Asker: 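Structure in structure tokens, see below.
Since we're looking at a predicted model, the values are computed, not measured. Note that ligands are numbered from 1 as they come in the structure, with each ligand's atoms numbered from 1 the same way.
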Amino acid sequence: MHQIPIGIFGLGTIGTGVMRVLEKNGALIRRRLGAEIAVRKIVDLDITTDRGISIAPGLLSTGADDILKDPEIQIVVELIGGTGASRDVVRQALAAGKHVVTANKALLAEHGEELYTLAQQHQRRIAFEASIGGGIPIVQAIREGLAANRIESIYGIVNGTANYILTQMTEAGAPFEAVLKEAMAHGYAEADPSYDIEGIDSAHKLAVLASLAFGTPVALDQVYTEGISRITPVDIDYARSFGYKIKLLGITKLVNGQVEARVHPTMISEKTLLAQVDGVLNAIYVNGDAVGPSLYYGKGAGALPTASAVISDLIDISRDILHGVVGRVPPAAYLQASREPIAIRNMDDVHCRYFLRFGTVDEPGVLSRIAGVLAQHQISIASVIQKGRRADGPVPIVMITHRAMERNVKNALQETDSLEITRDKTVLIRIEDWRHEDGK
Ligand code: HSE
């Protein structure tokens, strides 16, 4: 049987998962591909730790050249992570005429344009299904399944750790810090949990999604990013009383010819399908002009789901190799030559509804002073809750606004936060509403 020789950089959780799935489903994959994906070399700095899998003698090496300079190896799998050594490996592999499969969202978010161009120059593929949503085939869905559509918007729960934390806070009423500790004990969080909880991991994935959807470069620093560390059970309870759940969403939309790209805690109706996505699961809700709304749901992390995505790329590239085809699939969904810069909308220009929780003294006239400031900034109030008096601290006044401009809301809060009646910095959580039928 024909063999497709591959080399793998990084034998961590995902690398081990890839080996497991290739071993378990090798025969099945051969029936689908008509060839065997043959691992020729695995390079890792640590080649002594027992990973609980059987590895043929001589397969492991610490020398990158054992893959990069092996003329037989046709596909390089980059599972190192980070943006340093991984970038060198990907560039060298492409320059050496090898196709690349990577799970590395940070690398793509920061250097994607350079690598897509390099792949095109060398007439090789760079594939990255595993970089977003683990095992969910979202890249292929956008790049191929939805290729007939103008993508209008994407709302994604793309970080399992943050979703797990918010779910536990919602279900158990537990505070953020306690749930984060538990998530780390379960091994859900990244080595540096700030990537998960501060929205950085989601921003990496959203930058790649937006770039795929709209055919434009989206730099990481153009993605407005806010994490979940300031969300409290109190706000989750208020959200519930308004019929909302709080999720960390990656949102990208085409609005008036500009791309919005933002990651932040978001209140969404508890009736939406996305609101039902709990625990470590991920889901990506994509609206296309022809297809309408479509939802992709599944495991966003873990050895085997991520291996599933890595191997799907290996199979896809192997099919091209077997058919002698080059350049069939543009890596980022649009031909490189037809990718066009589209302006990324300044966060200040975004319009949405807002949940605002003010902490003020309890005395007559407070509500009207706050309402007055909001009115001066063209912010119209949709509902207000003020719960009972508290002897021991500020009184929460909670408002939901009608659609307002972020700039106006920020300016208004700067004013209200400096009023002498204000005791706590105002909590702001954005709301996204969409109709079920058309997802808009
Ligand atoms: N830390 C990530 C998550 C892993 O929690 O979703 C997958 O990128």
Asker: State, without any angle test, whether His264 and Arg262 hold a side-chain donor-acceptor pair at a distance under 3.5 Å.
Answerer: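 Yes.
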Asker: Within a distance under 4.0 Å of any heavy atom of Ala301, pick out the atoms of ligand 1 and give their elements.
Answerer: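 Within the 4.0 Å cut-off of Ala301, ligand 1 contributes 4 (C), 7 (C).
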Asker: Answer yes when Asp70 and Lys98 have at least one side-chain N-carboxylate O distance shorter than 4.0 Å, and no when they do not.
Answerer: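 Judged by the 4.0 Å cut-off on N to carboxylate O distance, Asp70 and Lys98 do not form a salt bridge.
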Asker: May I ask you to check whether over 12 heavy atoms, not counting those of Leu28, lie within 6.0 Å of atom CG?
Answerer: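 Counting other residues, nucleotides and ligands, CG of Leu28 exceeds 12 neighbours.
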Asker: Does ligand 1 come near enough to Asn282 that some N or O of the ligand is less than 3.5 Å from an N or O of the residue?
Answerer: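 N/O-N/O distance under 3.5 Å: no.
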Asker: Under a 4.0 Å heavy-atom limit, does Asn159 contact ligand 1 with its side chain, its backbone, both, or neither?
Answerer: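 It is both backbone and side chain that touch ligand 1.
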Asker: Check Lys245 with Glu270, please: is the shortest side-chain N to carboxylate O separation under 4.0 Å?
Answerer: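 Lys245 and Glu270: not salt-bridged.
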Asker: Enumerate the atoms of ligand 1 whose separation from the nearest heavy atom of Gly160 is less than 4.0 angstrom.
Answerer: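 The list of qualifying atoms is 3 (C), 5 (O), 6 (O).
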Asker: Give the atoms of ligand 1, by number and element, whose distance to some non-hydrogen atom of Asp196 is under 4.0 Å.
Answerer: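 Under 4.0 Å from Asp196, ligand 1 has these atoms: 1 (N), 2 (C), 3 (C), 5 (O).
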Asker: For Lys105, counting its heavy atoms only, list the atoms of ligand 1 lying under 4.0 Å from any of them.
Answerer: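 With Lys105 as reference, the close atoms of ligand 1 come out as 7 (C), 8 (O).
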Asker: Report, in ascending order of atom number, the atoms of ligand 1 lying under 4.0 Å from any heavy atom of Thr161.
Answerer: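 Those qualifying, in numeric order: 1 (N), 3 (C), 5 (O).
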Asker: Taking NZ, NE, NH1 and NH2 as the nitrogens, is one of them in Glu226 or Arg430 under 4.0 Å from a carboxylate oxygen of the other?
Answerer: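 The answer is yes: the pair qualifies as a salt bridge.
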Asker: Could you list which atoms of ligand 1 come closer than 4.0 Å to a heavy atom of Gly300?
Answerer: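 Answer for ligand 1: 7 (C).
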Asker: Using a 6.0 Å cut-off, check whether atom CZ of Arg328 has over 12 heavy atoms from anything other than its own residue.
Answerer: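 Yes, CZ of Arg328 has more than 12 neighbouring heavy atoms, counting only those of other groups under 6.0 Å.
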